[in-house]
Amino acid sequence: MSQGNNLLSSSIGRKITMALSALFLLLFLTQHLFINLLSVINKDTFNEVSHFMGYNPLVQKVIQPILIFGTLYHFILGFILEITNRKARGPQQYAYTNPSANSTWTSRNMIISGILILIFLAIHMVDFFFPEMNYKYIQVNPQDPTRYFPELVKHFQNPIRVALYVVGFIFLGLHLNHGFQSAFQSMGANSKKHTPTIKLIGSFYSILVPILFTFITLFHFFNS
């Protein structure tokens with residue numbers, strides 16, 4: 001127990017657990033993207049996979065609670081680390097350094113992009129997660145394996161909603177661009193040999209994922 005407390009209380013321990021939560025969320029994001037791409041490729045397959053994920057006991061009782069906890073943990077710890085780092089730097093250090101010349105805007109403002117992504121997640125949960133919980137656990141409607149595609153398309157008919165999603169995807173990409181590399185560095189993959197490759201993969205991932213999510217959103221908006 002004491003070792004666990006030391007891990008969470010130390011700066012290195014927090015960065016490692018932060019990195020682990022980030023890698024877990026990257027896996028979920030990739031899986032979420034593949035499922036949503038099915039809505040463009042074949043709506044029947046999208047319905048089948050969505051229904052399987054929606055009623056699979058392992059997903060509902062194990063993976064989903066872990067995902068919710070991991071998301072909250074990642075953002076809360078991220079804010080704590082950012083505030084701690086800002087206090088450690090202090091105002092005097094900023095007076096003698098030029099942050100914009102030594103780092104990107106994203107790396108200096110992860111807390112801002114994190115807050116904007118949280119707002120985006122709140123909108124996403126209002127659109128999809130809460131109605132799903134209401135459908136299954138409050139109103140207790142009968143299972144309908146064909147309802148997922150129409151529900152998805154319905155939320156992408158409003159141009160304002162679509163614009164909010166696109167903006168959210170842009171900030172997701174900015175957050176991923178720094179967070180991907182930072183997560184691997186915290187896990188010890190920081191060397192002249194590995195860092196360039198990690199940067200390249202991180203840049204590719206942080207561009208491709210938001211573009212594909214944006215494509216899905218715009219595809220349903222223009223085809224609904």
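Residue indices begin at 1 and follow the sequence shown.
- Qualifying side chain to side chain contact (heavy atoms under 4.5 Å, CB included) partners for Leu200, counting only residues two or more places apart in sequence or in other chains: none.
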All N/O donor-acceptor pairs, side-chain side in residues 123-131, below 3.5 Å, sequence neighbours left out:
unit_1	atom_1	unit_2	atom_2	d
His124	ND1	Tyr165	OH	3.3
Asp127	OD1	Arg161	NE	3.3
Asp127	OD1	Arg161	NH2	2.6
Asp127	OD2	Arg161	NE	3.1
Asp127	OD2	Tyr165	OH	2.8

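- The heavy-atom pair separating Ala19 from Ala183 by the smallest distance is CB-O, 3.3 Å.
- Under the side chain to side chain contact (heavy atoms under 4.5 Å, CB included) criterion, Gln157 pairs with Val153, Ser224, not counting sequence neighbours.
- Under the salt bridge (charged side-chain N to carboxylate O under 4.0 Å, His left out) criterion, Lys154 pairs with no residue at all, not counting sequence neighbours.
- For Lys136 and Tyr55, the positive end sits near the middle of the six-membered ring, less than 6.0 Å away and at most 45° from its axis.
- Taking the side-chain hydrogen bond (donor to acceptor under 3.5 Å, both in side chains) definition, one finds that Asp144 meets it with Thr146, sequence neighbours left out.
- Surrounding CZ of Phe28 are more than 12 heavy atoms belonging to other residues, nucleotides or ligands, all under 6.0 Å away.
- For Asn223, the side chain to side chain contact (heavy atoms under 4.5 Å, CB included) criterion is met by Phe219, not counting sequence neighbours.
- Residues passing the side chain to side chain contact (heavy atoms under 4.5 Å, CB included) test with Leu26 are Leu23, Leu176, Phe180, Tyr205, sequence neighbours excluded.
- For Ser182, the side-chain hydrogen bond (donor to acceptor under 3.5 Å, both in side chains) test picks out no residue, with sequence neighbours left out.
- Judged as a ring pair (Phe, Tyr, Trp, His ring centres under 6.0 Å), and not counting sequence neighbours, the contacts of Phe213 are Phe169.
- In this structure, the side-chain hydrogen bond (donor to acceptor under 3.5 Å, both in side chains) partners of Glu151, at least two apart in sequence or on a different chain, are Arg147.
- Grouped by direct or indirect side-chain proximity (heavy atoms under 4.5 Å, Ile/Leu/Val/Met/Phe/Trp/Tyr only), Ile207 sits with Ile211.
- Scanning for side-chain hydrogen bond (donor to acceptor under 3.5 Å, both in side chains) contacts around Ser21 gives His74, with sequence neighbours left out.
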